[in-house]
Amino acid sequence: MNKDSDRAPAAGPPCRVRRRFDGDLDACVQALAAVHGHSGYPVNWPEDPGGWLTPSSLLAAWVAEVDGRVVGHVGLSRSGTDDLAPGLWGSREGVDADRAAVVNRLFVAPTARARGIGALLLAQAVREARARGLHPVLDVVVSDTAAAALYERMGWEHLATVAQQWGPRQTVAVRCYAGPVPAPQPSQAD
C-alpha cells in the first residue's frame, strides 16, 4: 500500500476478487515485483516469490482482477511460531492463538491503487477467517503508514508495536492488528 490508498477510490473498470489458482502465481509475482519496486513491499525480496506467496500455513488466497489482469493479492494463513499478532490477540482475549488466522501477502499493483482494491481483498480474507470460526489478525511494518491507515479505517484495532527478528542481523518494528469484532446479529426470537 502507499499514500494513494488514502484517496477516494478512482473510477475505472470494475474489479473482481476471486480465489487464487496455481496458474495465477506468475501474474501475482509480476504484480508483487512492481509493488516491491514502487513501495518496497516486501521489505526483503524473497528468493522464491511464488513460494513466498504460498506458505505451508496458507488456508486460502485470492486475487483481484481488472480487465482480466491480476492487480492484487491477499492470503489467509494459520498462526505460525513467528507470527506475533495471534499471540497478542489471544492473550488479550484469554484464548489460544490458534483461534486466529493471519491475513498476509496483501498487495495491490501501483497502477491499480486508489480504487478500493486493498479494502476488497482485506474484506474477503476477513469473511473467510470468520467462516472458519477464526479471528483475523495481521501485522505491518511501521514504515508502511498507508497500509496501517487502511486497516484503521476498516476498524482494525492496533494491539501493539513490537520488534520482530527477521534474521540474524535484521530486526524490524511491526504494528500488530486484530480485525474488528463482528456486529451482533439480530435475534431470530419473536
Query raised in the report: According to a 4.5 Å side-chain heavy-atom criterion applied to Ile, Leu, Val, Met, Phe, Trp and Tyr, with indirect links allowed, do V108 and V63 form part of one hydrophobic cluster?
Result: no
Report task. Identify whether L58 and W52 are in the same connected component of the hydrophobic contact network (ILVMFWY, side-chain heavy atoms under 4.5 Å). Result -> no
Requested in this report: Could you give me the CA-CA distance, side-chain angles and deciding distance for H135 and V95, then say whether side-chain contact (heavy atoms from CB on, under 4.5 Å) is met?
Outcome: CA-CA 11 Å; H135 191 84; V95 298; over 6 Å; no
**Report entry** side-chain contact (heavy atoms from CB on, under 4.5 Å) against V103, all qualifying residues, sequence neighbours excluded
**Finding:** V74, L76, L122, A125, P136, L138, W156
**Report entry** Worked verdict on D139 versus V162 for side-chain contact (heavy atoms from CB on, under 4.5 Å)
**Finding:** CA-CA 10 Å; D139 62 52; V162 296; over 6 Å; no
Query raised in the report: For the side chain to side chain contact (heavy atoms under 4.5 Å, CB included) test, which of L134, L59, L84, D83 pairs with V102?
Result: D83
**Report entry** R130 vs V126 side-chain heavy atoms within contact, under 4.5 Å
**Finding:** yes
Report task. Name all residues meeting the side-chain contact (heavy atoms from CB on, under 4.5 Å) criterion together with S56; count only those two or more places apart in sequence or in a different chain, and write none if there are none. Result -> none
Report task. Report the C-alpha distance between R113 and V35 in whole Å, list the side-chain angles of each, state the deciding distance to 0.1 Å, and finish with yes or no for side-chain contact (heavy atoms from CB on, under 4.5 Å). Result -> CA-CA 10 Å; R113 291 188 179 166; V35 170; 3.5 Å; yes
Query raised in the report: What pairs with Q164 under side chain to side chain donor-acceptor pair (under 3.5 Å), at least two apart in sequence or on another chain?
Result: W166
Requested in this report: Determine, using the 4.5 Å side-chain heavy-atom cutoff (strictly less than), whether Y151 and L159 are members of one ILVMFWY cluster.
Outcome: no
Report task. Sequence neighbours left out, what passes side chain to side chain donor-acceptor pair (under 3.5 Å) with R19? Give chain and number order. Result -> none
Query - For L53, all residues meeting side-chain contact (heavy atoms from CB on, under 4.5 Å), sequence neighbours excluded - result: R20, L25, C28, V29, L32, H73, R105, F107
Query raised in the report: Under the side-chain contact (heavy atoms from CB on, under 4.5 Å) test, which residues partner T161, sequence neighbours left out?
Result: V142, H158, R175
